[in-house]
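The next block holds one structure in the form of structure tokens; read it before the comments.
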Amino acid sequence: MTSDERPAWCVVGRGTGGRCALVELDALGARLREVEIEPERLADEVARRESAVSPRWVWSDTPTWYARLVDAGVTVSRGHDLRLIHVILRHSEMVREARALREAVDWDAPIDLQLEDRSAGETLFELDASSARPGGVPHGIEEALTEFARQRAAIDGATDPSRLRLLVAAESAGGLIAAELHAAGIPWDVAEHDRILAESLGPRPSPGHPPARMVESAAQVREALGDPQLSLDSPPRLLRALHRAEIDVESTSKWELTRYDHPAIEPLLRYKKQSRLLAANGWAWLDEWVHEGRYRPVYVPGGVVTGRWASSGGGALQIPRQLRPALRADEGWRLVSADVAQLEPRVLAAMSADTAMATAGAGKDLYSGIVDAGIVASRQEAKVGVLGALYGGTTGDSGRVVPRLRRTFPDAMALVDGAAATGERGGTVSTWLGRSSPAPEAAWTQAQTSAYRPEASSGEQERARRSARDRGRFTRNFVVQGTAAEWALSWLAALRLALGRFEPVAPEAAAPASGPVFARRAHLAFFLHDEVIVHAPADQAEAAAEAIRAAADAAGRLLFPGSPVDFPLDLTITERSPAS
DNA sequence: TATACGCGCGCG
DNA sequence: AAAGCGCGCGCGTATA
């Protein structure tokens with residue numbers, strides 16, 4: 001083993017005296033070289049190694065290290081996020097020996113959102129001891145090397161190392177992508193957003209005043225209820241006023257109100273919609289979150305137990321469809337939007353190797369395929385039934401359709417029914433690539449045990465059964481939602497690498513607001529569970545669309561080699577995102 | 001005055 | 001018709 005061997009990994013961490021340490025490892029984890037450098041030189045040193053050997057970069061957590069590199073104009077193609085991977089491995093059923101990982105409690109820290117959303121102007125790489133936040137993961141190089149060795153041992157000794165390695169790579173790629181999405185931002189048309197607000201609410205009022213059209217709606221509600229002083233924003237008072245008008249709802253929720261025919265209902269529903277728009281995405285939101293034509297949400301990979309991403313600040317994953325037209329490509333650029341048709345049922349069909357379900361989905365619309373197979377009469381019934389199968393629905397339309405699906409798709413239904421049964425018993429279930437559901441809380445297990453005693457009251461038994469069913473629905477959905485998240489991460493990861501190979505466009509065609517790394521080529525701009533938006537120079541839009549399709553095919557083959565299940569996309573190239 | 005919690009609704 | 005899974009956020013209300 002010689003020192004000029006090509007490194008497979010490069011571990012980055014805090015060294016001595018405020019310097020950064022880089023340690024290159026060979027494929028077996030043996031140290032090849034190590035250097036300590038001043039923090040200002042880190043971006044250059046990373047860029048040099050990336051272009052020479054493109055190692056997999058290992059660091060404590062991606063927001064801490066990578067956001068600064070991206071800002072400095074440096075990207076890397078592959079990473080290993082010790083914090084994200086630690087959380088997966090310490091719970092994974094695939095890991096045979098997790099004791100050492102579980103004892104490394106420092107690595108079980110939640111993401112530090114302050115750091116992720118760091119403000120501009122903060123000095124680069126102030127990673128000395130004084131800036132380490134209590135409760136965060138360790139950033140020192142020796143801690144990183146030790147944890148990395150633990151993680152490699154856990155993966156190598158797993159029941160299915162190759163699947164777990166796919167998950168580790170996909171999760172880490174997600175970390176890189178989240179940082180890049182934040183840096184690039186979503187191209188946002190403030191004028192269009194303002195126009196949509198004005199259309200619904202009236203022109204922007206002066207601070208502290210309600211918009212005119214909301215005042216109007218509220219007045220109509222008060223008039224119809226005969227209560228001139230009523231405050232619509234207080235659910236208890238509104239409920240009492242509705243009862244006085246003989247509208248016998250149990251809550252003030254929208255779905256319940258729509259069932260009543262009364263002159264107050266229409267303006268009340270309108271008021272609620274206006275109120276929601278104003279509070280969640282009104283002018284204050286615009287002022288706070290959109291700057292220089294970009295909305296830059298903070299994405300939180302692994303933020304959901306199932307492996308889905310969460311977000312923090314601005315409600316990035318809940319942008320109302322109504323505001324979609326405010327997403328607008330820069331001049332000379334396009335938005336390439338793609339979403340997967342029925343991702344979760346297709347993932348279920350592939351996991352369970354249910355050939356009947358694969359056949360129903362072959363081509364385009366899975367729900368229509370179920371109708372065509374003569375199982376249900378309408379697409380809507382098919383959809384409600386499939387969602388009921390995934391979520392554990394027992395009542396209403398879904399409860400009626402699920403038994404038919406159980407006969408038609410026995411393998412798919414056996415998989416989710418089995419996951420539900422395991423959850424009801426207090427067991428753990430896992431996704432296709434090995435992310436496992438959390439164990440039940442001690443109080444849950446205690447309550448189940450207690451309810452089994454002969455002297456347990458019927459109320460106690462009923463509560464225990466209900467909570468067992470609740471947990472069963474969670475584990476039922478966990479395996480599908482979690483595997484769909486793995487598919488989506490694989491899709492994104494493949495797409496990102498493909499876009500990274502696009503030729504830069506001429507400087508005069510650049511989109512400077514996207515930042516130095518992304519301004520001159522097609523790049524990811526938005527991700528939402530089963531949907532991506534790529535911001536692309538007009539003459540790269542078609543190629544980007546093809547890359548999105550190719551990445552979806554690649555994700556399917558990677559996770560489910562040989563499976564007949566396909567993952568068709570709805571794909572559009574536009575200047576402005578359609579309201580749909 | 002600050003914090004915790006439930007409601008309602010936006011997204012998949 | 002409005003359920004069955006996973007979230008984040010703003011609001012009003014209750015509690016300290």
Side-chain angles (χ1 to χ4, degrees), chain A residues 113 231-239 249-260 268-269 271-282 284-285 288-289 297-324 339-345 347-348 378 380-381 383-402 405 416-417 419-420 423 429 431 435 437-438 466 469-485 487-488 526-532 570 580:
Chain A
L113 291 171
S231 160
L232 302 185
D233 299 320
S234 163
R237 290 185 219 185
L238 177 58
L239 193 60
V249 284
E250 284 181 28
S251 73
T252 63
S253 63
K254 186 170 66 174
W255 66 264
E256 210 178 342
L257 289 168
T258 53
R259 300 168 59 188
Y260 280 81
L268 177 54
L269 292 174
Y271 177 86
K272 287 166 81 81
K273 190 164 175 59
Q274 291 168 323
S275 168
R276 163 77 192 187
L277 179 62
L278 177 68
N281 299 99
W285 182 92
E288 183 176 359
W289 291 104
V298 175
Y299 297 89
V300 186
V304 178
V305 281
T306 58
R308 274 188 174 182
W309 287 13
S311 71
S312 172
L317 307 186
Q318 300 122 263
I319 297 166
R321 310 294 305 188
Q322 188 184 2
L323 284 178
R324 282 303 180 93
D339 66 88
V340 193
Q342 307 99 34
L343 175 58
E344 291 192 355
V347 159
L348 173 59
S378 68
Q380 180 62 15
E381 258 189 308
K383 182 175 179 176
V384 168
V386 168
L387 292 179
L390 298 180
Y391 297 159
T394 54
T395 60
D397 289 347
S398 83
R400 276 192 298 281
V401 176
V402 169
L405 297 179
V416 285
D417 288 344
V429 296
T431 60
R435 192 189 306 262
S437 64
R466 186 156 45 81
R469 284 194 300 270
D470 288 348
R471 187 156 194 282
R473 285 195 302 276
F474 166 64
T475 51
R476 168 190 293 272
N477 187 246
F478 182 94
V479 293
V480 180
Q481 186 181 119
T483 304
W487 184 95
F526 187 57
F527 169 56
L528 179 54
H529 307 318
D530 63 354
E531 175 186 356
V532 299
D570 287 321
S580 73

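Lettering of chains follows the sequences in order, A, B, ..., and the numbering in each one begins at 1.
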Taking only Lys NZ, Arg NE, NH1 and NH2, and the carboxylate oxygens of Asp or Glu, determine whether A:E344 and A:K383 approach each other closer than 4.0 Å.
-> no
[X] side chain to [Y] backbone, donor-acceptor under 3.5 Å:
X: A:Q481; Y: A:T306; answer: no
X: A:T483; Y: A:V480; answer: no
X: A:E256; Y: A:E250; answer: yes

Report the glycosidic orientation of B:dG6: syn if within 90° of 0, anti in every other case.
->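 Anti conformation here, the glycosidic angle of B:dG6 being more than 90° from 0.
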5' priority, DNA chain C, between A:N477 and A:A279 [closest heavy atom] |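 In this pair, the answer is A:N477.
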Most 5' of A:W255 and A:T306 on DNA chain C, judged by nearest nucleotide = A:W255
Which part of the nucleic acid does [X] contact within heavy-atom distance under 4.0 Å: base, sugar-phosphate only, or nothing?
X: A:D530; answer: sugar-phosphate
X: A:V384; answer: base
X: A:G313; answer: sugar-phosphate
X: A:S251; answer: sugar-phosphate
X: A:A280; answer: nothing
X: A:S311; answer: sugar-phosphate
X: A:Q322; answer: nothing
X: A:L528; answer: sugar-phosphate
X: A:I319; answer: sugar-phosphate

Could you give the [atom1]-to-[atom2] distance, from [X] to [N], as a whole number of Å?
X: A:L317; N: C:dC9; atom1: CG; atom2: P; answer: 9 Å
X: A:W487; N: B:dG12; atom1: CH2; atom2: C1'; answer: 14 Å
X: A:L232; N: C:dT13; atom1: CG; atom2: P; answer: 12 Å
X: A:E344; N: B:dG12; atom1: CD; atom2: C1'; answer: 8 Å
X: A:R276; N: C:dC11; atom1: CZ; atom2: C1'; answer: 11 Å
X: A:E256; N: C:dA2; atom1: CD; atom2: C1'; answer: 10 Å
X: A:L278; N: C:dC9; atom1: CG; atom2: P; answer: 17 Å
X: A:D233; N: B:dG8; atom1: CG; atom2: C1'; answer: 12 Å

Under 4.0 Å between a side-chain N/O of [X] and OP1 or OP2 of [N], yes or no?
X: A:S234; N: C:dT13; value: yes
X: A:T252; N: B:dG8; value: yes
X: A:R473; N: C:dC5; value: yes
X: A:K254; N: C:dA2; value: no

So with a 6.0 Å cut-off around CZ of A:R469, is the heavy-atom count from everything else above 12?
->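 Counting neighbours around CZ of A:R469, more than 12 heavy atoms of other residues, nucleotides or ligands fall under 6.0 Å, so yes.
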Taking only the side-chain heavy atoms of [X] (C-beta and beyond), determine which of [options] contains the nearest atom.
X: A:R321; options: B:dC11, C:dG4, C:dG6; result: B:dC11
X: A:E531; options: C:dG4, B:dG12, C:dC5; result: B:dG12
X: A:Y391; options: C:dG4, B:dC9, C:dC7; result: C:dG4
X: A:P320; options: B:dG12, B:dG10, C:dT13; result: B:dG10
X: A:K272; options: B:dC9, C:dG6, B:dG10; result: B:dC9
X: A:A310; options: C:dC7, B:dG12, C:dC5; result: C:dC7

Checking only heavy atoms, does the side chain of A:R476 share a donor-acceptor pair with the base of C:dG4 at less than 3.5 Å?
->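 Answer no: no donor N or O sits under 3.5 Å from an acceptor.
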Look through every strand shown and name the nucleotide pairing with C:dG4 as Watson-Crick or G-U wobble, where both distances are under 3.5 Å.
-> none
Determine whether A:T431 and A:V479 make a side-chain contact, defined as any pair of heavy atoms from C-beta on separated by less than 4.5 Å.
-> no
Considering all heavy atoms, the nearest A:R471-A:S437 contact = NH2-OG, 4.5 Å
